[in-house]
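What follows is a single structure, written as structure tokens, with notes after it.
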Amino acid sequence: MKFLATLMLLLVVGAAVAASVIYRPYGRSSETFIDIPPGTGTEAIGAQLENSGIIRSQYGFDLLRLVKHGTLKAGEYRFDHPVPMIDVYERLLHGDVYTQALTIPEGYNIFDIAQAVEAAGLGKRDTFLAAERQHTELILAWQPPGGPQPESLEGYLFPDTYQFSRHVTPLQILSAMVRRFHQETSQLGLTSDVARTVTMASLIEKEVSHDAERPLVAGVFANRLAKSIPLATDPTVVYAALLENRWRGTIYASDLQSPSLYNTYKHAGLPPGPICNPGLAAFRAAMRPAKTDYLYFVSDAAGHSRFSATLKEHNANVQAYRSAQK
């Protein structure tokens, strides 16, 4: 009987110690990252966590493995305060890896996106910009046969908020954005004449901020294209200057005389490619432009657009805008 009592006492003490190891918070109070490579076994993971000061004992971690089973996920994990070992195990079990948010607003161009990537700590601006221009193979399926090859992924990097690990490569980021583009535009029914539609949507995105006005702007562009009238849209002039690294923050007379094919004051028709990455509202407008006789539009003092069918009406709207500005 004495032996049994001693054994029971040892079991109780052992259980209490195990419970303390597993359920009592432990770990560093400062930010610590643990990177677990694919294929790492449970014992090695436990040793890595113990050596990094995240858990008390790798043997307690092994005990959890025997009890809870499951497959622990590789990846980078972030710890910034003491937690029970059971919580650490659950995080690895569910793959709660650390990611960095990257938000791309509608209308960002490749230069804006490269800067956003650097600001998020996911890479250098120039490196990412080079990748945006290099990996055009990601969008070749949407280019017209025999047409000019795209010079970048402009237009196909869908605006959204993404979550990436700190070790993500530029190609992985770009692939995720192009994949999102495909998912979203496919749901809209954009399956033909994709390249032209993307270019048109990019112009609409840059020209107007009110979604209700986007189909009207699309209608103006469609009417001008049908009559071979230059689109004469300022955002394309800005983009031409950006491509040539001569943008000075405002449009000068010399910009309007630029021979660039993106200068829609000098060249009729659509520019050679998109000038930004449009959102869904712009895509809807490009796919279904409003049927009107409008050929012109200009902003008013309230930030909306005024549309007109004749140059006389347009000039009056321009004069009204200038008077309001004064």
Side-chain angles (χ1 to χ4, degrees), residues 99 101-117 120 122 128 132 135-136 138-144 150 152-164 172-225 231 233-236 238-239 242 262 264 270-292 294 297 299 302-305 307:
T99 58
L102 175 63
T103 298
I104 306 302
E106 297 170 349
Y108 261 29
N109 58 39
I110 56 173
F111 305 99
D112 300 323
I113 293 176
Q115 187 62 51
V117 166
L122 296 173
F128 195 82
E132 290 174 308
H135 291 292
T136 55
L138 296 174
I139 62 172
L140 290 182
W142 294 300
Q143 307 308 307
S152 74
L153 297 178
E154 192 76 271
Y156 299 84
L157 305 176
F158 196 78
D160 206 343
T161 295
Y162 299 86
Q163 298 289 336
F164 295 112
Q172 289 172 329
I173 295 176
L174 295 170
S175 297
M177 292 178 174
V178 173
R179 187 163 52 249
R180 186 69 53 82
F181 163 86
H182 180 51
Q183 293 169 345
E184 297 294 338
T185 56
S186 294
Q187 290 181 9
L188 290 180
L190 179 58
T191 57
S192 62
D193 207 11
V194 176
R196 184 181 187 280
T197 303
V198 174
T199 298
M200 176 70 85
S202 73
L203 303 186
I204 297 167
E205 183 68 61
K206 279 298 191 181
E207 272 290 10
V208 63
S209 58
H210 297 280
D211 287 350
E213 296 175 358
R214 295 189 194 278
L216 293 171
V217 170
V220 170
F221 288 153
N223 291 342
R224 293 178 75 93
L225 290 172
L231 296 181
T233 173
D234 288 354
T236 62
V238 173
Y239 194 73
L242 285 170
Y262 281 91
T264 55
L270 288 172
I275 62 171
C276 73
N277 295 277
L280 289 177
F283 275 115
R284 292 190 187 99
M287 295 168 65
R288 292 178 289 275
K291 303 296 184 181
T292 71
Y294 295 145
F297 66 93
S299 296
H304 289 273
S305 297
F307 298 86

Compile the donor-acceptor pairs under 3.5 Å between side chains in residues 189-200 and protein atoms, sequence neighbours left out, one pair per line.
from, atom 1, to, atom 2, distance (Å)
Thr197, OG1, Asp193, O, 2.8
Thr199, OG1, Ala195, O, 3.2

List the atom pairs, donor and acceptor, that lie under 3.5 Å between side-chain atoms in residues 175-182 and the rest of the protein, sequence neighbours left out.
from, atom 1, to, atom 2, distance (Å)
Ser175, OG, Leu171, O, 2.8
Arg180, NH1, Asp160, OD2, 2.3
His182, ND1, Ser186, OG, 3.3

Output side-chain donor-acceptor pairs under 3.5 Å for residues 103-110, partner residues at least two apart or in another chain, one line each.
from, atom 1, to, atom 2, distance (Å)
Thr103, OG1, Thr161, OG1, 3.1
Asn109, OD1, Phe111, N, 2.9
Asn109, OD1, Asp112, N, 2.8

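In this structure a side-chain-to-backbone donor-acceptor pair under 3.5 Å is missing from Gln143 to Pro150. For the pair Asn277 (side chain) and Phe158 (backbone), a donor-acceptor distance under 3.5 Å is absent. A distance-only check finds no donor-acceptor pair linking the side chain of Arg288 to the backbone of Pro215 [under 3.5 Å]. One N or O on the side chain of Ser202 and one on the backbone of Ile275 form a donor-acceptor pair closer than 3.5 Å.
Residues passing the side chain to side chain donor-acceptor pair (under 3.5 Å) test with Tyr239 are Glu154, sequence neighbours excluded. Every residue two or more places apart in sequence or in another chain was checked for a side chain to side chain donor-acceptor pair (under 3.5 Å) with Thr136, and none qualifies. For Glu184, there are no side chain to side chain donor-acceptor pair (under 3.5 Å) partners two or more places apart in sequence or in a different chain.
The minimum heavy-atom distance between Ala114 and Phe128, with the atom names listed, is CA-CD2, 3.9 Å. The minimum heavy-atom distance linking Tyr294 with Asn223 is given by the pair O-ND2, 2.9 Å. Across every non-hydrogen atom of Tyr262 and Pro271, the tightest pair is CD2-CB, 3.6 Å. Closest heavy-atom contact between Gly219 and Pro289: N-CB, 3.7 Å. In terms of heavy atoms, Pro159 sits closest to Pro278 at CD-O, 3.3 Å. A pairwise comparison of heavy atoms in Val208 and Arg214 identifies O-NH1, 2.7 Å as the closest pair.
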Subject >> Audit row: Leu231, Leu270, side chain to side chain contact (heavy atoms under 4.5 Å, CB included) steps and yes/no >> reply: CA-CA 8 Å; Leu231 296 181; Leu270 288 172; 3.9 Å; yes
**OP:** Any chance you could lay out the side-chain hydrogen bond (donor to acceptor under 3.5 Å, both in side chains) test for Thr233 and Glu207, step after step, and finish with the verdict?
**Re:** CA-CA 8 Å; Thr233 173; Glu207 272 290 10; 2.4 Å; yes
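Distance CG/Leu157 to OG/Ser152: 8.0 Å, rounded to 0.5 Å. Separation of atoms CG (Leu203) and CG (Asp234) is listed at 12.0 Å; rounding is to 0.5 Å. Atom CD1 of Ile173 sits about 5.0 Å away from atom CZ of Phe164, to the nearest 0.5 Å.
Looking only at atom types and distance, the side chain of Glu213 has a donor-acceptor partner in the side chain of Ser305 under 3.5 Å away.
Counting heavy atoms from C-beta outward, Leu216 and Val220 have side chains that stay 4.5 Å or more apart. The closest side-chain heavy-atom distance from Leu138 to Tyr156 is not below 4.5 Å.
Using cut-offs of 30° and 60° on the angle between ring planes, the pair Phe221 and Phe297 is perpendicular.
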